[in-house]
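Worksheet for the structure shown next.
In what follows, chains are A, B, ... by sequence order, proteins preceding strands, each numbered from 1. Since the structure is predicted, the reported quantities are computational estimates derived from the model, not experimental observations.
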Amino acid sequence: MTTPSPSRHYVTTAIPYVNARPHIGFAMELVMADVIARYRRLRGDDVRALTGTDENALKNVQAAEQAGIDTATFVQAQAAAFEALREPLNLSFDDFIRTSAQRRHARGVTKLWQACAARGDIDKRAYRGLYCVGCEQFYAPADLVDGRCPEHDSEPELVEEDNYFFRLSRYEAQILALLESGRLRIVPEGYRNEILAFVRGGLADLSISRSRARARGWGIGVPDDPSQVMYVWFDALGNYVTALDYADEGDDYVRYWVDSDARVHVIGKGITRFHAVYWPAILLSAGLPLPTTLVVHGYLTVDGRKIGKSLGNAIDPEDIVARHGTDPVRYFLCRHVRFGRDGDFHEARLVTATHAELADQLGNLLRRTVSMIARYTDGGVPAPTDDGPFAALAVQIRDDYERAFADYRIDDAVRTAWTIVDAANRHAVERAPWKLAKRDDPAARAALRTTLYELAEALRLAAVYLAPFLPYTAAQIRHQLGLSPAPEPWDAATRWGGVPVGATVTVGEPLFAKTSPAA
RNA sequence: GUCGAGGUAGCUCAGUCGGUUAGAGCGAGGGAUUCAUAACCCCUAGGUCGGCGGUUCAACUCCGCCCCUCGGCACCA
């Protein structure tokens, strides 16, 4: 089931608030989006990947105040910490958007607002709500404890002010139809069902502005109304198009949004409603194409405990990578966290997986293969003399792998790739080339050459399939096998028999050194 | 309350359309082997498949009820 390629793909992560340092949960989201982008590029598709930071929230103002810095400076430093994840996690995003600091964003979101307004979907209404001065936010009655603010134990005051409202209710039927038809796909399906239930419950209009005073002057102004700023969600969701220069409807916007085959948002389960309901409604109103797919992941606990905002167990991705390596962290996040479900980032298990799977199974396979080729066939990949069991396996694997990615089940995709590694290790033992090498008859020599070829080719395939997850490792495997750094076009790359006979192998350093377990 | 997702070997999890002896990895025990990072490979581990009842020749897999965990239920990653 090969999907037609090349096609155009736009892949994004959500943009996180910057009031706290990045934690391992967001690192997982970044890695997932990166894996999807790398997979599409591997297939020859035209891909654009975006991440960035959501900076206009009141929370950021408060956090800056606590830190004793002005908001813009604080936000700038925090955003840098997120962008700095690119190196340690080996991310390949093409662009990074900052919602408070880049004109393209403010301009684009203003245009988006105006487009909705022109459609008659934005109007000013009186908004009444219970407001806690301490928290600087409104509370729904249900969120209060005995009518008091859960944080400050004070009675919130009834505040009435004019806000702009978006006519979400108008789009109820359309949103429902989108979800039901699958034109807007949500994976895994469980999340789709939740949203469906939510929409069927009826959609009320949405407040999309705050008084400038209440927002402490921070945020993007409502067009033609200096007294109001946009509610951060309206501005944040817009990032997906403003980053592409929606403001001027530039080339990137046309290419990756309007004319794209897939507009994919990778998000955490907590914000699916914003992406499955509010965002499509805004786009519908403004007359822009909608996202095609929402890829929803679960939350991570750390060593079994919830990630506390300031509880101290919020693992720093840079730190964990410094101790265990980029590919092991990416590998653990991709294979050992079940797609769509909550998972546990267990450091001891990360170490176990790195040793048992990456070092012992994959790393060792490469080493034993390359060593035998160096020793038995003078360092050149030999020509096979007959077909082994792998050609059929290769077809099956490609099929399973593409199917897994079609549903964004990246953990299954890794498992599928791994079946090659397992098969090759077993094959090595069954054929025992080290025994064949001690015999001197023609049959043994033919069998030896065929087997070594098969092992090299299996590794080549493994490197192809693992490249999205383990970019550095895949490159190392290619290097040691004597292959060019750039992989072949997808069809050729995934077909059995791609290792050139005579390629000169290099016995390099072990792929994964075994580290001692972290304290 | 309601809706959803889970509850399978010590741990983390797989189990397609119901079908014969319920699987994998880790951990544990044993064996084999030497190409390789003491790695690879093979065997074993005897788990009431949350509980009770039902449908069926046959249910982990379908239906009902119940128990436990987590999450959504209007503006909160």
- C40(B) C1' sits how many Å from F512(A) CZ, rounded? 17 Å

- Do any side-chain nitrogens or oxygens of R200(A) fall under 4.0 Å of OP1 or OP2 in G72(B)? no

- Query: Under the criteria of a ring-centre distance below 5.5 Å and an interplanar angle below 30°, is Y299(A) stacked with the base of A77(B)?
  - Reply: yes

- Item | H275(A) ring center near Y240(A) ring center (under 6.0 Å) | yes

- Item | Interatomic distance at C1', G47(B) relative to C42(B), whole Å | 23 Å

- Item | Atom-pair distance (CZ on F274(A); C1' on C76(B)), nearest Å | 7 Å

- Message: If I take atom CD in residue E357(A) and atom C1' in nucleotide C26(B), what distance separates them, rounded to the nearest angstrom?
- Response: 8 Å

- Is the distance from OP1 or OP2 of C73(B) to the nearest side-chain N or O of R273(A) less than 4.0 Å? yes

- Message: With a 4.0 Å cutoff (strictly under), does any side-chain N or O of R415(A) reach OP1 or OP2 of C13(B)?
- Response: no

- Note on the structure: Here the distance between atom P of A77(B) and atom CH2 of W233(A), to the nearest Å, is 6 Å

- Item | P gap between U20(B) and A77(B), integer Å | 49 Å

- Note on the structure: Out of G25(B), C40(B), C75(B), minimum distance to the side chain of R368(A) belongs to C40(B)

- Query: Of all the nucleotides listed (C75(B), A77(B), A36(B)), which has the minimum atom distance to the side chain of Y17(A)?
  - Reply: A77(B)

- Message: What's the closest nucleotide to the side chain of R426(A) if the choices are C42(B), C35(B), C26(B)?
- Response: C42(B)

- Query: Which whole number of Å gives the distance between the C1' atom of C49(B) and that of C62(B)?
  - Reply: 16 Å

- Query: Among A39(B), A74(B), A77(B), which is the nearest nucleotide to the side chain of D360(A)?
  - Reply: A39(B)

- Task: Just compare C76(B), C35(B), A77(B) and give me whichever is closest to any side-chain atom of W434(A).
- Result: C35(B)

- For C60(B) and G19(B), measure between their P atoms and round to the nearest Å. 10 Å

- Message: For the C1' atoms, the ones on C13(B) and on G30(B), what distance do you get once it is rounded to whole angstrom?
- Response: 26 Å

- Message: Within the supplied structure, the quantity of interest is the number of heavy atoms (other residues, nucleotides, ligands) at a distance under 6.0 Å from E160(A) CD; does it exceed 12?
- Response: yes

- Item | Opposite nucleotide pairing with C26(B), Watson-Crick or G-U, both atom distances under 3.5 Å | G10(B)

- Query: Is the NZ or CZ atom of R273(A) positioned over F198(A)'s six-membered ring, under 6.0 angstrom from the centre and within 45° of the axis?
  - Reply: yes

- Task: Would you kindly give the CZ-to-P distance between F332(A) and C26(B), to the nearest whole Å?
- Result: 15 Å

- Task: Provide, to the nearest angstrom, the distance between the CG atom belonging to N425(A) and the P atom belonging to C41(B).
- Result: 5 Å

- Task: Can you figure out which of C35(B), C75(B), C70(B) approaches the side chain of S207(A) most closely?
- Result: C75(B)

- Note on the structure: Of U33(B), C75(B), C35(B), the nucleotide closest to the side chain of K435(A) is U33(B)

- Message: Can you work out whether R341(A) or A14(A) has the more 5'-proximal nearest nucleotide on RNA chain B?
- Response: R341(A)

- Message: With a cut-off of less than 4.0 Å, is there a side-chain N or O of Y231(A) near OP1 or OP2 of C76(B)?
- Response: yes

- Message: When you measure from the side-chain N and O atoms of K59(A) to the phosphate of A77(B), is any distance below 4.0 Å, counting only OP1 and OP2?
- Response: yes

- Which nucleotide, A74(B), C40(B), G25(B), lies nearest any side-chain atom of F198(A)? A74(B)

- Query: Mind checking whether F390(A) and H427(A) have ring centres under 6.0 Å apart?
  - Reply: yes

- Task: For the pair D316(A) and R21(A), evaluate salt bridge (Lys or Arg N to Asp or Glu O under 4.0 Å) and give the outcome as yes or no after the intermediate values.
- Result: CA-CA 8 Å; D316(A) 176 5; R21(A) 309 283 299 179; 5.6 Å; no

- Message: Given C26(B), A36(B), A14(B), identify the nucleotide with an atom nearest to the side chain of Q361(A).
- Response: C26(B)

- Salt bridge present between R403(A) and D399(A) (N-O < 4.0 angstrom): yes

- With a 4.0 Å cut-off, would you call E194(A) and K269(A) a salt bridge? no

- Determine, for R125(A) against D162(A), whether the closest basic-nitrogen to carboxylate-oxygen distance falls under 4.0 angstrom. no

- What nucleotide, of U12(B), C40(B), C75(B), holds the atom closest to the side chain of R349(A)? U12(B)

- Take atom C1' in G31(B) and the same atom in A38(B), then report the distance between them in whole Å. 16 Å

- Item | P spacing across the pair U21(B) / U34(B), given as an integer number of angstrom | 39 Å

- Task: Let me know the distance between CG of L30(A) and P of A77(B), rounded to the nearest Å.
- Result: 18 Å

- Task: Write down the distance separating the P atoms in C66(B) and U2(B), rounded off to the nearest Å.
- Result: 9 Å

- Query: To the nearest angstrom, how far is L511(A) atom CG from A39(B) atom P?
  - Reply: 17 Å

